[in-house]
Chemist: 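The structure's right below; bear with me while I get my questions together.
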Amino acid sequence: MAAAAACAAVKIGIIAGTGLDDPDILECRTEKYIDTPYGKPSDALILGKIKNVDCVLLARHGRHHTMVPTNINYRANMWALKEEGCTHLIVTTACGSLREEIQPGDIVIIDQFIDRTTKRHLTFYDGNHPCLPGVCHVSMAEPFCAKTRKVLIDVAKKLGIKCHSKGTMITVEGPRFSSRAESLMFRNWGGDVINMTTVPEVVLAKEAGICYASIAMATDYDCWKEHEEAVSVDKVLKTLKENANKATSLLLSAIPQIGCVDWTETLQTMKNTVQLSVILPKH
């Protein structure tokens with residue numbers, strides 16, 4: 001009974017990145033278009049189930065990939081998934097590798113990030129919404145949910161998927177790729193992989209009190225590696241097409257595992273963290 005109760009309380013959002021947004025992973029699909037105080041999400045929410053666990057899929061860039069990373073309405077996406085009752089978010093993202101040992105096709109369950117974005121709304125608490133008064137100084141010491149990450153890592157090992165159990169994601173503004181000088185600098189900073197979307201998504205998930213974990217798939221070596229072809233759209237899409245089944249298998253196997261864990265204490269701790277991070281205005 002306890003396991004069944006835990007399953008009933010869990011709803012998993014899936015924010016799907018480039019080439020990793022196949023809605024066929026969901027059974028009994030329905031679509032839902034919604035609006036939020038921050039505007040419209042990237043696309044319709046696709047509601048369904050994965051092995052009896054309620055899930056909500058959202059294509060980060062829109063289903064026809066019409067949005068550049070800067071123009072994605074991250075706040076609307078996160079608000080919509082929170083309003084739909086998501087307790088967890090497992091997201092997929094294509095990324096470049098900044099390390100020799102992270103090869104194209106490998107999966108990285110990232111645990112840290114470095115923010116190099118410049119044009120994005122990084123908080124829900126911007127003073128424009130009466131339902132969210134104050135300023136939120138949320139801790140980012142541990143940005144990703146360790147408990148959710150552990151499930152993903154354990155499942156990847158069981159499936160025989162080559163998976164790196166930690167990594168630091170550099171998130172750049174885009175949509176251009178890095179210069180070679182930047183790529184080398186990010187390596188020196190301790191970056192392991194590089195993309196254009198982890199920030200502000202992970203920050204907003206923390207403010208929303210949602211357990212957030214990312215399945216990052218390396219598609220290329222950015223442009224730091226000598227004697228290796230520099231990253232290009234063709235190269236990224238080719239690697240994604242050849243390896244997307246890894247992310248799909250991981251989702252299909254990990255989600256039922258997450259659905260049968262008791263998350264009561266974890267979710268309460270996250271809720272408390274948000275409450276203690278907000279400084280309310282003085283009256």
Side-chain angles (χ1 to χ4, degrees), residues 14-22 42 59-61 65 67-70 72 74 77 89-117 120 143-145 148-149 152-153 156 161-180 182-203 205 212-225 228-251:
I14 303 165
I15 300 180
T18 304
L20 301 166
D21 54 359
D22 182 4
S42 296
R60 184 184 286 116
H61 297 270
H65 207 276
M67 295 175 196
V68 297
T70 296
I72 292 168
Y74 296 94
N77 287 352
L89 272 177
I90 302 177
V91 310
T92 60
T93 179
C95 61
S97 168
L98 297 170
R99 300 289 158 204
E100 180 88 46
E101 63 272 18
I102 301 175
Q103 299 175 339
D106 286 5
I107 279 175
V108 186
I109 309 300
I110 51 177
D111 66 326
Q112 288 291 324
F113 71 82
I114 295 173
D115 179 13
R116 290 290 297 162
T117 67
R120 306 182 186 188
F144 302 86
C145 176
T148 308
R149 287 180 62 254
L152 292 172
I153 293 161
I161 294 171
K162 189 178 175 188
C163 172
H164 303 266
S165 59
K166 62 180 183 177
T168 295
M169 179 68 79
I170 305 265
T171 298
V172 296
E173 190 62 57
R176 68 171 178 84
F177 293 126
S178 305
S179 69
R180 184 166 285 111
E182 288 170 326
S183 196
L184 292 167
M185 177 182 71
F186 295 147
R187 276 169 50 79
N188 288 334
W189 282 4
D192 298 301
V193 280
I194 179 168
N195 77 350
M196 301 176 190
T197 56
T198 293
V199 183
E201 214 171 70
V202 63
V203 181
Y212 180 99
S214 178
I215 300 169
M217 179 170 288
T219 57
D220 55 85
Y221 279 116
D222 203 36
C223 62
W224 63 270
K225 200 167 187 291
E228 184 81 22
E229 185 185 347
V231 58
S232 66
V233 170
D234 284 351
K235 190 177 177 69
V236 169
L237 294 178
K238 182 174 183 289
T239 307
L240 282 172
K241 188 174 181 181
E242 290 170 353
N243 294 277
N245 62 305
K246 294 178 186 176
T248 301
S249 298
L250 190 46
L251 286 168

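Values reported hereafter were calculated over all heavy atoms of this structure, with side chains retained and with hydrogens, waters and symmetry mates removed.
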Chemist: Please identify each residue that fulfils side-chain hydrogen bond (donor to acceptor under 3.5 Å, both in side chains) with E229, with sequence neighbours left out.
Modeler: none
Chemist: Checking E100 now: which residues fulfil side-chain hydrogen bond (donor to acceptor under 3.5 Å, both in side chains) with it, not counting sequence neighbours?
Modeler: K225
Chemist: Holding to ring-ring contact (aromatic ring centres under 6.0 Å, His included), I want the full list of residues that pass it with F144, two or more places apart in sequence or in another chain.
Modeler: Y212
Chemist: Nearest 0.5 angstrom please: S249 OG to I107 CD1, how far?
Modeler: 8.5 Å
Chemist: Hey, could you give me the CD1/CG distance between I90 and L251, rounded to the nearest 0.5 Å?
Modeler: 6.0 Å
Chemist: Identify the heavy atoms of A216 and I110 that sit nearest to each other, and give their distance.
Modeler: CB-CG2, 4.3 Å
Chemist: With sequence neighbours excluded, tell me which residues meet ring-ring contact (aromatic ring centres under 6.0 Å, His included) with Y221.
Modeler: W224
Chemist: Using the side-chain contact (heavy atoms from CB on, under 4.5 Å) criterion, which residues pair with E173? Sequence neighbours excluded.
Modeler: T70, T117, T118, K119, R120
Chemist: D192: what forms a side-chain hydrogen bond (donor to acceptor under 3.5 Å, both in side chains) with it, not counting sequence neighbours?
Modeler: R99
Chemist: Mind checking side-chain contact (heavy atoms from CB on, under 4.5 Å) for M185 and listing every partner two or more places apart, or none if nothing turns up?
Modeler: W189
Chemist: Do the non-hydrogen side-chain atoms of M169 and C95 ever get within less than 4.5 Å of each other?
Modeler: yes
Chemist: Give, for atom OG1 of T171 and atom CE of M196, the distance between the pair rounded to the nearest 0.5 Å.
Modeler: 10.0 Å
Chemist: Determine yes or no for a side-chain-to-main-chain donor-acceptor pair under 3.5 angstrom, with T239 supplying the side chain and T219 the backbone.
Modeler: yes
Chemist: Check for a donor-acceptor pair, side chain of S97 on one end and backbone N or O of I102 on the other, with a separation under 3.5 Å.
Modeler: yes
Chemist: Checking K235 now: which residues fulfil side-chain hydrogen bond (donor to acceptor under 3.5 Å, both in side chains) with it, not counting sequence neighbours?
Modeler: none
Chemist: Say whether, by atom type as modelled, one donor and one acceptor occur between the side chain of R60 and the main chain of T92 under 3.5 angstrom.
Modeler: yes
Chemist: Just so I know, are the side chains of F177 and C223 near enough to count as touching, which here means a heavy-atom distance under 4.5 Å?
Modeler: no
Chemist: Taking all atoms of both residues into account, what is the closest heavy-atom pair of A213 and T148, and its distance?
Modeler: CB-CG2, 3.7 Å
Chemist: Is a donor on one side and an acceptor on the other found under 3.5 Å between the side chain of K246 and the backbone of I161?
Modeler: no
Chemist: Check whether any side-chain heavy atom of P69 lies under 4.5 Å from a side-chain heavy atom of H61, and answer yes or no.
Modeler: yes
Chemist: So, for L98 and S183, which heavy atoms are closest and what is the spacing to 0.1 Å?
Modeler: CD2-OG, 3.7 Å
Chemist: Between N77 and S42 (side chain of the first, backbone of the second, donor and acceptor by atom type, cut-off under 3.5 Å), is there such a pair?
Modeler: yes
Chemist: Can you name the residues that form a side-chain contact (heavy atoms from CB on, under 4.5 Å) with Q112, not counting sequence neighbours?
Modeler: E142, P143, T168
Chemist: Going by ring-ring contact (aromatic ring centres under 6.0 Å, His included), name the residues that satisfy it together with H164, two or more places apart in sequence or in a different chain.
Modeler: none
Chemist: Who pairs with S165 by side-chain contact (heavy atoms from CB on, under 4.5 Å), at least two apart in sequence or on another chain?
Modeler: I153
Chemist: Return yes if some donor-acceptor pair links the side-chain N/O of Y74 with the main-chain N/O of V199 below 3.5 Å, else return no.
Modeler: no
Chemist: Which distance, rounded to the nearest 0.5 Å, do you find between the CD of E201 and the OG1 of T93?
Modeler: 8.0 Å
Chemist: Testing R176, R116, R187 for salt bridge (Lys or Arg N to Asp or Glu O under 4.0 Å) with E182, which one passes?
Modeler: R176
Chemist: Could you name each residue pair satisfying salt bridge (Lys or Arg N to Asp or Glu O under 4.0 Å) that touches residues 104-114, not counting sequence neighbours?
Modeler: D106-K162
